[in-house]
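Not measured: the values here are computed from a predicted model. Chain identifiers are assigned alphabetically (A, B, ...) following the order of the sequence lines, protein sequences preceding nucleic acid strands; residue numbering begins at 1 within each chain.
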Amino acid sequence: MCGRFSLGKDVDEIIDELGFDDTAGMEDYLPNFNVAPTVVTPVLVHEKRQRVLSMRWGLIPSWARDSKAGARLINARCETLTGKPSFRSLVGRRHCVAIAEGYYEWKRYGRSKTPYFIRPSSRRLLFMAGLWDLWDGPDQERPVQSFTIITRPPLDEFAAIHDRMPAVLSPERAARWLDTASFSRDDCTRFLQAEDTMALEAYPVSTLVNSVRNNSPACTEPVGPVRN
DNA sequence: CCAGACGTTGTT
DNA sequence: GTCTGG
DNA sequence: CCAGACGTTGTT
DNA sequence: GTCTGG
C-alpha cells in the first residue's frame with residue numbers, strides 16, 4: 001500500500017521537472033521527507049491544462065458529514081475502484097497524480113517492522129495515480145480539496161516487501177491518467193495494473209521515519225543494500 | 001418507502 | 001450523492 | 001503508515 | 001483494544 005511518502009525537493013526543482021513555468025498551486029509548499037495522511041501536499045490535475053493543486057491526503061467524499069469520515073480513505077484499491085460509493089463517481093472525472101520522490105513501505109519480520117524507501121532509479125519524481133474530491137465543510141468558505149492514492153498488487157520485484165503498492169505512473173502514463181476527457185472508464189483497472197516503464201529501486205531506511213515529527217533527509221537515507 | 005452505509009490495511 | 005437492506 | 005491517547009470535575 | 005491525529 002502507500003501510507004507515507006517523501007517529497008523533499010525544492011519548489012524550483014519540482015516545477016522545473018514538471019515543465020511548468022510558475023509555482024502556481026505551490027505557494028505554501030515546504031519540502032517534506034515524511035508526508036503523512038492529513039497533510040496538504042501538491043498533486044497534479046488536468047483541468048483544461050495540467051496544473052498543481054495542493055490537497056489534503058485522505059479523501060473526504062463530497063457527501064461526508066464531517067472531515068473525519070475521510071481520514072482513513074488514504075488508499076483506493078484499483079480492483080474495486082469503480083464499485084465503491086466513495087470513489088466511483090470520481091473515476092473518469094477527478095483523476096490526480098500525487099508527486100513524490102519515493103514512498104515508504106513497512107516490511108514485517110515476525111513481530112517487528114522495517115521501513116523501506118522505494119524510488120525511481122533515475123531519482124526523478126515518482127508519480128502515483130489518485131482520485132480527488134471537493135467537500136463543503138460546515139464552516140468552510142472554500143471547499144476542502146482532498147485525494148486518495150490508488151493501490152495495486154505489487155510488481156514481482158516488490159512482492160517480498162508488501163502485498164500492495166501504489167499505482168506508479170511514468171510521466172507519459174501520468175499524462176494519460178490525468179486527461180480524463182480521453183480516458184476510458186472501462187480501461188481503468190487494466191491501465192492502473194499495467195507494467196510501468198519507471199524503473200524503481202528499494203532499500204531499508206531508519207525507523208526515524210516512523211514518527212511524523214521526524215522530517216529530514218535522514219528519513220530517505222539507506223541503512224542497508226539498495227535493490228533494483 | 002425510509003434508514004443507514006459509504007474504506008483500506010493488517011492481524012488473528 | 002447513491003446504493004443496499006429492511 | 002505509525003504514534004499516542006484513551007476522562008471528568010473543579011480550581012487557578 | 002481501538003480510535004484519532006499527523
Are the side chain of [X] and the backbone N or O of [Y] linked by a donor-acceptor pair below 3.5 Å?
| X | Y | value |
| --- | --- | --- |
| A:Ser170 | A:Met198 | no |
| A:Tyr104 | A:Asn34 | no |
| A:Asn32 | A:Asn215 | no |

**Asked** Which residues, if any, of residues 33-46 of chain A bring a heavy atom under 4.0 Å of DNA chain E?
**Response** A:Ala36, A:Pro37, A:Thr38
For [X], answer base if it contacts any base atom (sugar-phosphate contacts may also be present), sugar-phosphate if it contacts only those atoms, and nothing otherwise; contact means non-hydrogen atoms under 4.0 Å.
| X | value |
| --- | --- |
| A:Ile74 | base |
| A:Thr148 | nothing |
| A:Phe87 | sugar-phosphate |
| A:Trp106 | sugar-phosphate |
| A:Asp163 | sugar-phosphate |

**Prompt:** Can the ring centroids of A:Tyr116 and A:Phe158 be said to lie less than 6.0 angstrom from one another?
**Reply:**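 For A:Tyr116 and A:Phe158, the ring centres are not under 6.0 Å apart.
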**Message:** Suppose we call two aromatic rings close when their centres sit under 6.0 Å apart. Are A:Trp177 and A:Phe127 close by that rule?
**Reply:**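 Judged by ring-centre distance (under 6.0 Å), A:Trp177 and A:Phe127 do not meet the cut-off.
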**Request:** Go through the structure and list residues passing salt bridge (charged side-chain N to carboxylate O under 4.0 Å, His left out) with A:Arg77, not counting sequence neighbours.
**Result:** none
**Partners passing salt bridge (charged side-chain N to carboxylate O under 4.0 Å, His left out) against A:Glu201 (at least two apart in sequence or in another chain)** = A:Arg119
On a whole-Å scale, what distance lies between the [atom1] atoms belonging to [N] and [M]?
| N | M | atom1 | result |
| --- | --- | --- | --- |
| D:dC2 | B:dT8 | C1' | 15 Å |
| E:dT2 | D:dG10 | P | 32 Å |
| D:dC1 | B:dG7 | C1' | 15 Å |
| B:dA5 | D:dA3 | C1' | 29 Å |
| B:dG4 | E:dG5 | C1' | 27 Å |
| C:dG1 | B:dT9 | P | 28 Å |

**Message:** If the condition is side-chain hydrogen bond (donor to acceptor under 3.5 Å, both in side chains), which residues does A:Ser146 pass it with, not counting sequence neighbours?
**Reply:** none
**Item:** Nucleotide range of DNA chain D lying under 4.0 Å from chain A heavy atoms
**Value:**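 Span of nucleotides near chain A: D:dC1 to D:dG4.
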**Request:** Might you work through the ring pair (Phe, Tyr, Trp, His ring centres under 6.0 Å) test for A:Tyr103 and A:Phe117, ending with a clear yes or no?
**Result:** CA-CA 6 Å; A:Tyr103 67 96; A:Phe117 189 59; 7.9 Å; no
Grab the N/O contacts between the protein and nucleotides 2-6 of chain C below 3.5 Å, and write none if there aren't any.
none

**Prompt:** Can you list the steps and then say if A:Thr207 with A:Asn210 is a side chain to side chain donor-acceptor pair (under 3.5 Å)?
**Reply:** CA-CA 5 Å; A:Thr207 52; A:Asn210 286 13; 5.0 Å; no
**Message:** Pairing check on D:dC6: which nucleotide meets the Watson-Crick or G-U wobble criteria with it, both distances under 3.5 Å?
**Reply:**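 Base-paired to E:dG1.
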**Asked** Can a salt bridge be assigned to the pair A:Glu105 and A:Arg164 using a cut-off of 4.0 Å between side-chain N and carboxylate O?
**Response**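 The answer is no: the pair does not qualify as a salt bridge.
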**Prompt:** Is A:Arg227 close enough and on-axis enough to A:Tyr203, meaning under 6.0 Å and within 45°, for cation-pi?
**Reply:** no
